[in-house]
2 protein chains.
Amino acid sequence: MTEAMSRPTLEAVAARAGVSRATVSRVVNGGDGVREPLAERVRRAVDELGYVPNQAARSLVTKRHDAVAVVIAEPETRVFADPFFALQLRGISKELTAHDSQLVLLLTEGRDDHARVGRYLAGGHVDGALVFSLHLDDPLPVLIQRAGVPTVFGGRPGWSEGSAPSETAAGAAAPVFVDSDNRGGARAAVRHLVGLGRRRIAHITGALDQTSAVDRLDGFRDERPDADPRLIVESDFTPAGGERAMRELLDNCPDVDAVFAANDLTASGVLRVLRERGLRVPQDIAVIGFDDMLPLAEQTDPPLTTVRQDIEEMGRLMARMLLGGLDRRGGDAAPGGGEPSGVVLPTTLVRRASA
Amino acid sequence: MTEAMSRPTLEAVAARAGVSRATVSRVVNGGDGVREPLAERVRRAVDELGYVPNQAARSLVTKRHDAVAVVIAEPETRVFADPFFALQLRGISKELTAHDSQLVLLLTEGRDDHARVGRYLAGGHVDGALVFSLHLDDPLPVLIQRAGVPTVFGGRPGWSEGSAPSETAAGAAAPVFVDSDNRGGARAAVRHLVGLGRRRIAHITGALDQTSAVDRLDGFRDERPDADPRLIVESDFTPAGGERAMRELLDNCPDVDAVFAANDLTASGVLRVLRERGLRVPQDIAVIGFDDMLPLAEQTDPPLTTVRQDIEEMGRLMARMLLGGLDRRGGDAAPGGGEPSGVVLPTTLVRRASA
DNA sequence: ATGAAAGCGCTAACAG
DNA sequence: CTGTTAGCGCTTTCAT
């Protein structure tokens, strides 16, 4: 039973239905001006043969791919211990599915991978790209601009005017991004601690080569412009980094009575050190995180007060913006100019027991 | 500066290098029988024009796609609170990258999506598929077999002989899978508890429509063939499910002195209930999980003793098996017969404080 | 070793 | 409305 013959082609369907290839094509693609009896014959032939269009052939002529690349540029293991990107993916996937687009995942582990990604994007496999976790010195934006693929960034891109990809100036679309209100969320967190009567409020930052960390730090400074410099400790978004920073903090400022950690993972490290030193949370030291990453935030002891961002919605929105721009292609897909233009999603404070 | 012209084609490169398209093609694809001076001219032309092959055109003739679909069939939110699949993806991605293949992610949220996935797989977009999180009644295996795409399953497929996809009998390749030694890991966990002198050892199962849950239960039974039935409580791999099960357990068997939870998420729910009831871990009740999901397992109070499986390695291995089969396509890619054939990865007990 | 030519399967004018 | 006719950009015999 050598059923293993190659897939039926348009030609085969046309023959079976006794029509031309063009007619079959019309029916398969929505069947506009095709009279009903004919269309029906074609549909039956399609079913009987189990015909499925060959996407490569179709793309070759339409230049569309119904596929979007998702680029996650995280050299570190961190992302993978992090439900963050899973949630983004979920939001993206839902939206793409609604638009009949496929999700091509491009994970970059190191610098070597960047060239590969650039090549792929330039290869015209996809209709657009969604790019995450950019670091300040990341070569990716340049490669992407060069590839000439419509792109939406996740998180505010970090380049300053001078260091922006040069092609941008040449009239290319301005970078478009979706971000959370990191700064506002940080402000809310600090205000909450202040409202609790805390005086010595510290901040343990995230990796400052990412704008999310910078923005959260800025938010902290908005509320504590005159903070003792020793109350700001640089860290890296990881539990281990949080532990390290908290130890340093305790050594330098034993009177600290509140900590705003750059994310929940960091906060979990902070809590561990506090428990180890016999300090009570929140009585002795209040702790607040960022992300509302579940189940971690609920499972810590005590459960973590934190700033929630709607990660899945970010993903969904990114996809929607990309596809929206794609749909009206030919027109100006994005506002002109070189200044990043973006949508900023609100954050909300979630009160649990730690602050 | 209308640099926005369409990408250069082979033709353009050929013209620039003063050779034929065929020659350029040869150079681009490894440049076998092309004399060096010529090849060099071509390479320069490629660089100058920034030529990148159009994959659609290439696939159209080669019928290869250098792309693999990863299907994650998890209708529930659970996966996304779960670093599990992120780790799998990482392993897969690494391996695919090494083979110059792209990863196309297919997330199915509900039954409606299955048809879409089936269509995609049948559409010949990819060279193979990696499929996860199958449930016992999942229609996906059938669709996949019908699509005729080489496939490797993550986790032992759950169908029994009778309910196997019928096409399998027709001489198609047998299902191939990669799994962890769930049964062996469960046995090790229970033996550890026994070694601790525990007598009333309970098991809170995972969702029993997944083979991983069934296998862990079987492992438990191997060691406790005469267990009091009330010591086995069915659950669903979630923290909330773990809480529910633990409450039930405590109500029915107040003398329980050890719990083997089907995974770490479940164990975290168990710990929460225990803390709430004022029971000490491990003094009053020892708890052991499964997965070694970080950072959760380290962050619980007390840190969780658990059975580790190397999730990333599973992913890597799946990809390797698929691509290996692909490479020797034309031959028998998989052993004949309808019996699932698979590779089972070892698990190891990680001792922390909870047992 | 290189070039010429024939498609891969499909869509998109253009005729009729 | 439906069929005919060109290609899309590439690989691949087959000549040379």
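Sequence lines set the chain letters: A, B, ... in the order given, protein chains first and strands last, and positions in each chain run from 1. Computed over heavy atoms, backbone and side chain alike; hydrogens, waters and symmetry mates excluded.
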Protein-nucleotides 14-16 of chain D N/O pairs under 3.5 Å:
none

With sequence neighbours excluded, what pairs up with B/R44 under the side chain to side chain contact (heavy atoms under 4.5 Å, CB included) test? B/E40, B/R41, B/E48

By the definition side-chain contact (heavy atoms from CB on, under 4.5 Å), identify the one residue from B/V19, B/L38, B/V34 that meets it with B/V24. B/V19

For C/dG3, does OP1 or OP2 lie under 4.0 Å from any side-chain N or O of B/T23? yes

Looking only at non-hydrogen atoms, find the nearest pair between B/R21 and B/A14 and report the distance. N-CB, 3.8 Å

Grab the two heavy atoms, one from B/H125 and one from B/Y120, that are nearest each other, plus how far apart they are. CD2-O, 3.0 Å

If I compare all heavy atoms of A/G315 with all of A/I92, which pair ends up nearest, and what's the gap? O-CG1, 3.3 Å

Correct closest heavy-atom pair for B/V178 and B/M314 would be O-CE, 3.6 Å

Taking only N/O atoms, report every protein-nucleotides 6-10 of chain C pair under 3.5 Å with atom names and distance.
residue : atom : partner : partner atom : Å
C/dA6   : N6   : B/R21   : NH2          : 3.1
C/dG9   : OP1  : B/K63   : NZ           : 3.4
C/dG9   : N2   : A/A57   : O            : 3.3
C/dC10  : OP1  : A/Y51   : OH           : 2.4
C/dC10  : OP1  : A/N54   : N            : 3.2
C/dC10  : OP2  : A/L10   : N            : 2.3
C/dC10  : N4   : A/R21   : NH2          : 2.7

Heavy-atom nearest pair, B/V126 first then B/V68, reads CG1-C, 4.1 Å

Could you tell me whether A/E36 and A/R43 have a side-chain N and a carboxylate O separated by less than 4.0 Å? yes

